[in-house]
Amino acid sequence: MAQRRIGLIMHGVTGRMGMNQHLIRSIAAIRREGGVALPNGDRIMPDPIIVGRNREKLEALAKAHGVERVSTDLDACLADPNDTVFFDAATTQMRAELLKKAIAAGKHVYSEKPTAENLEDALDLVRVAKAAGIKHGVVQDKLFLPGLRKMKMVIDSGFLGRILSVRGEFGYWVFEGDLQPTQRPSWNYKKAEGGGIILDMLCHWRYVLDNTFGETKSVSCLGATHIPVRYDENDKPYDADTDDAAYATFELEGGIVAQINSSWTTRVRRDDLVTFHVDGTHGSAVCGLTDCWTQARVNTPKPVWNPDVPQTINFYEGWQKVPDTQPYPNGFRVQWEEFLKYVAGERADYPWDLLAGAKGVQLAEAGLKSWAERRWIDLPKLEA
């Protein structure tokens, strides 16, 4: 058994998502368990250097999670030929230029989404990466959620018949910061800092819709800023000037209609923080982050509208839970492992690349345009 090292430059992992999902639950967990196992018995061992501005914070994080290297000098890291992969989970505003810089240094790149603030820059990244001949990937973590993987299995089995519609509900109440501390960084609500739920979540919904239900053809989106004043990390009030909720309808291939509400201003009364309800001619399915339930055509109740008497049907009954037939590890980790295999030459292709990331930016940009112009926006096929 041989150990095959891959040096990683990890930028932006002192933030909430980068630290929890990418460093702790992905790379540190992979290292702790001996690397990524390959069919021939070899193992890929990621060797990260975490990069940022605050050395004290970096060193504390590294010590806590078994990382041996830290740096505050990104240029020096990019110049080191022993580290071949650059990862970014810092701010959206800086991302496109950082990825270009890494590509120019000959690094493979793996990135959080969105890959850029606009489609032009996202497509430019695709062209630059193609010209450089490097390998590239974009985080599309929700595809690896147990609930959506079970939903995809239900669809692939033919259980639903022809899919008619998809209804998604995502979100929760993000506290303003006065009554209780907020649970999201303040930049999420500042347009100048790349905030807004449309830019954030429509990038997710693009790859979820395309890969699970059908290619997205067009969008109609209404955004809203429901909470105009919030409190920052220093308990100071600030104007929230970008969208904290989005109400979108999508046309998918095959005539499927999808509706997804995304909100940081909603109180949850459903099975999970995100749910997808899919209706088909032969059956229906509902999934959350981890679970999925189905109801067949022959098991569907036959309600009659009568507002004068209490409802006699318990609509939660008559649904069957899809069992766990395999282990479902952390979705971020699963995708990291696949990308590391790709870099190591252990898989021939990688569909979750910068072009897939650009499609997410395309949908977010179209959603913002739809809101501004109050009309449907078609999505042309992307080529770079």
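Annotation: salt bridge (charged side-chain N to carboxylate O under 4.0 Å, His left out) contacts of R230 (sequence neighbours excluded): D244. Applying the salt bridge (charged side-chain N to carboxylate O under 4.0 Å, His left out) criterion to R375, with sequence neighbours excluded, gives E373.
Judged by distance alone, the side chain of E253 and the main-chain N or O of E215 form a donor-acceptor pair under 3.5 Å. The backbone N or O of G195 lies less than 3.5 Å from no partner atom in the side chain of E193, so there is not a single donor-acceptor pair. Within the 3.5 Å criterion, the main-chain N or O of I6 finds no donor-acceptor partner in the side chain of D47. D243 places no side-chain N or O within 3.5 Å of a backbone atom of T225 that could act as its donor or acceptor partner.
Note that CD of E317 is 12.5 Å distant from CG of N299, once rounded to the nearest 0.5 Å. Here the OG1-CD1 distance, from T265 to I197, works out to 7.5 Å after rounding to the nearest 0.5 Å. Rounding to the nearest 0.5 angstrom, the gap separating the OH atom in Y247 from the CH2 atom in W371 is 10.5 Å. Taken from CD in E365 to OG in S370, the straight-line distance is 12.5 Å, to the nearest 0.5 Å.
Side-chain contact between I9 and F87: absent, with no pair of heavy atoms (C-beta onward) separated by less than 4.5 Å. Side-chain contact between H65 and R31 is absent, with no heavy-atom pair separated by less than 4.5 Å. Proximity of C292 to V286: side-chain heavy atoms (C-beta onward) are nowhere separated by under 4.5 Å. In this structure, the side chains of I256 and L164 stay at 4.5 Å or more apart for every pair of heavy atoms. H136 is not listed as a side-chain neighbour of H108, based on a closest heavy-atom distance of 4.5 Å or more. At a threshold of 4.5 Å between non-hydrogen side-chain atoms, the residues W352 and L143 count as touching. No side-chain heavy atom of V257 sits less than 4.5 Å from a side-chain heavy atom of V166.
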- Item | Criterion side-chain contact (heavy atoms from CB on, under 4.5 Å) on H22 and I27, from CA distance to verdict | CA-CA 6 Å; H22 293 289; I27 297 303; 5.9 Å; no
- Would you sort out whether F144 and Y328 count as a side-chain contact (heavy atoms from CB on, under 4.5 Å), showing the intermediate values? CA-CA 8 Å; F144 303 94; Y328 295 100; over 6 Å; no
- Task: Evaluate the side-chain contact (heavy atoms from CB on, under 4.5 Å) criterion for residues F86 and K101: first the C-alpha distance (whole Å), next the side-chain angles of each, then the deciding distance (0.1 Å), finally the verdict.
- Result: CA-CA 10 Å; F86 174 75; K101 192 173 185 178; over 6 Å; no
- Check against ring pair (Phe, Tyr, Trp, His ring centres under 6.0 Å), W205 and F276: CA-CA 11 Å; W205 304 149; F276 294 95; 5.7 Å; yes
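There is no side-chain donor-acceptor pair under 3.5 Å between R16 and Q21.
When the side chains of ILVMFWY residues are joined at heavy-atom separations under 4.5 Å, either directly or via intervening members, V274 and Y207 end up in a single hydrophobic cluster.
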